[in-house]
**Student:** 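For reference, the structure I am asking about is given below.
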Amino acid sequence: MNRKERTVFITILINVLLILFKFWLASASGSLALRSSALHSLADLAIGIFVLAGLVLSRRERIKVAARPGVSSVENWVALAVSGAIFYVGFDIVREVLAGETPELRNLVPITLAALVTVAVAYVIARYKLYVGRQTDSPALIASGYHSQVAIYASIVVVAG
């Protein structure tokens with residue numbers, strides 16, 4: 001497992017913990033926004049798995065064609081797919097806001113403070129992916145880092161809501 005793959009694998013593990021935490025917060029508060037955020041994080045997890053698979057395939061492709069330097073075409077396609085996911089996340093947030101049902105919330109102050117942790121975690125994940133993506137010149141990892149930045153904004157919207 002190379003550095004790019006290890007980075008995505010670590011962020012996948014962190015995402016699993018984040019998803020469990022968000023579902024717990026949603027059940028403790030009755031917040032539909034937190035439940036939606038947890039479901040959004042499930043989509044992020046799926047994208048992370050997709051990126052990891054793409055990086056593994058890319059490495060195998062490069063091994064087969066060792067004479068060809070640069071980034072493999074698989075990695076470019078993964079970056080393109082992640083870019084599409086970024087667009088979808090923005091669309092999904094707008095759709096969620098416009099659908100708007102008002103649930104009865106419980107434990108508002110402690111849940112809000114705990115939800116701030118999700119913002120911090122999303123920030124760390126995004127920065128980590130972008131850092132390693134730039135150092136390894138990985139378009140897939142950079143695109144995944146930008147997608148994780150969208151998760152920061154989504155988490156901020158959930159906390160503010």
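Hydrogens, waters and symmetry mates play no part in the numbers below; they use all other heavy atoms, side chains included.
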**Student:** If every non-hydrogen atom of N107 is compared with every non-hydrogen atom of A28, which pair is closest and at what distance?
**Tutor:**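 Nearest pair, atom of N107 first, then A28: ND2-O, 2.8 Å.
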
**Student:** Taking all non-hydrogen atoms of both residues, which atom of L25 and which atom of A114 are closest, and how far apart?
**Tutor:**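 Result for this residue pair: CD2-CB, 3.6 Å.
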
**Student:** Just jot down the side chain to side chain contact (heavy atoms under 4.5 Å, CB included) partners of R6, sequence neighbours excluded, or say none.
**Tutor:**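 With neighbours one apart ignored, the set is M1, R3, I10.
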
**Student:** Do Q149 and L130 have side chains that approach each other closer than 4.5 Å (heavy atoms only, starting at C-beta)?
**Tutor:**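 Sidechains of L130 and Q149: in contact.
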
**Student:** Which residues satisfy the side-chain hydrogen bond (donor to acceptor under 3.5 Å, both in side chains) test with E5, sequence neighbours excluded?
**Tutor:**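 In terms of side-chain hydrogen bond (donor to acceptor under 3.5 Å, both in side chains), with neighbours along the sequence ignored, E5 is linked to R59.
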
**Student:** How would you list, by chain and number, every residue that makes a side-chain hydrogen bond (donor to acceptor under 3.5 Å, both in side chains) with R106, sequence neighbours excluded?
**Tutor:**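 Once residues adjacent in sequence are excluded, R106 has no partner under the side-chain hydrogen bond (donor to acceptor under 3.5 Å, both in side chains) criterion.
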
**Student:** Going from CD1 on I19 to CG on L45, what distance comes out if it is rounded to the nearest 0.5 angstrom?
**Tutor:**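 So the gap between those two atoms works out to 4.5 Å.
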
**Student:** Which value, rounded to the nearest 0.5 Å, describes the distance between L116 atom CG and I156 atom CD1?
**Tutor:**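 These two atoms lie 9.5 Å from each other.
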
**Student:** Which residue pairs pass the side-chain hydrogen bond (donor to acceptor under 3.5 Å, both in side chains) test when at least one of the two sits in residues 114-130, sequence neighbours left out?
**Tutor:**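 Every side-chain hydrogen bond (donor to acceptor under 3.5 Å, both in side chains) pair that includes a residue of residues 114-130, provided the two are not neighbours, is K129-S144, K129-S148.
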
**Student:** Which residues pass the side-chain hydrogen bond (donor to acceptor under 3.5 Å, both in side chains) test with T7, not counting sequence neighbours?
**Tutor:**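 Once residues adjacent in sequence are excluded, T7 has no partner under the side-chain hydrogen bond (donor to acceptor under 3.5 Å, both in side chains) criterion.
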
**Student:** First locate atom OH of Y146, then atom CG of L141, and finally report the distance between them rounded to the nearest 0.5 Å.
**Tutor:**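 The OH atom of Y146 sits 11.5 Å away from the CG atom of L141.
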
**Student:** If you look at every heavy atom in L34 and S29, which pair is closest and at what distance?
**Tutor:**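 L34 and S29 have their closest heavy atoms at CD1-OG, 3.6 Å.
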
**Student:** Quick one: list whatever passes side chain to side chain contact (heavy atoms under 4.5 Å, CB included) with L17, sequence neighbours left out.
**Tutor:**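 For L17 there are no side chain to side chain contact (heavy atoms under 4.5 Å, CB included) partners, ignoring immediate neighbours.
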
**Student:** Shortest non-hydrogen contact from D44 to H147?
**Tutor:**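 Looking at all heavy atoms of both residues, the closest pair is OD1-CE1, 2.6 Å.
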
**Student:** What residues, two or more places apart in sequence or in another chain, satisfy side-chain hydrogen bond (donor to acceptor under 3.5 Å, both in side chains) together with Y131?
**Tutor:**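 Y131: side-chain hydrogen bond (donor to acceptor under 3.5 Å, both in side chains) contacts with Q135.
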
**Student:** About how many Å separate CG of L42 and CG of N15, when rounded to the nearest 0.5 Å?
**Tutor:**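 Between N15 CG and L42 CG, I get 9.0 Å after rounding to 0.5 Å.
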
**Student:** Sequence neighbours left out, what passes side chain to side chain contact (heavy atoms under 4.5 Å, CB included) with V117? Give chain and number order.
**Tutor:**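 Residues passing side chain to side chain contact (heavy atoms under 4.5 Å, CB included) with V117: F21, V121.
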
**Student:** If every non-hydrogen atom of S138 is compared with every non-hydrogen atom of L55, which pair is closest and at what distance?
**Tutor:**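 Closest heavy-atom pair between S138 and L55: OG-CD2, 4.0 Å.
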
**Student:** Which atoms form the tightest heavy-atom contact between V8 and T11, and what is the distance?
**Tutor:**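 What the structure gives for the nearest pair is O-OG1, 2.8 Å.
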
**Student:** With sequence neighbours left out, write down each residue that passes side chain to side chain contact (heavy atoms under 4.5 Å, CB included) with L13, or none if nothing qualifies.
**Tutor:**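 If we apply the side chain to side chain contact (heavy atoms under 4.5 Å, CB included) test to L13, skipping adjacent residues, the hits are F9.
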
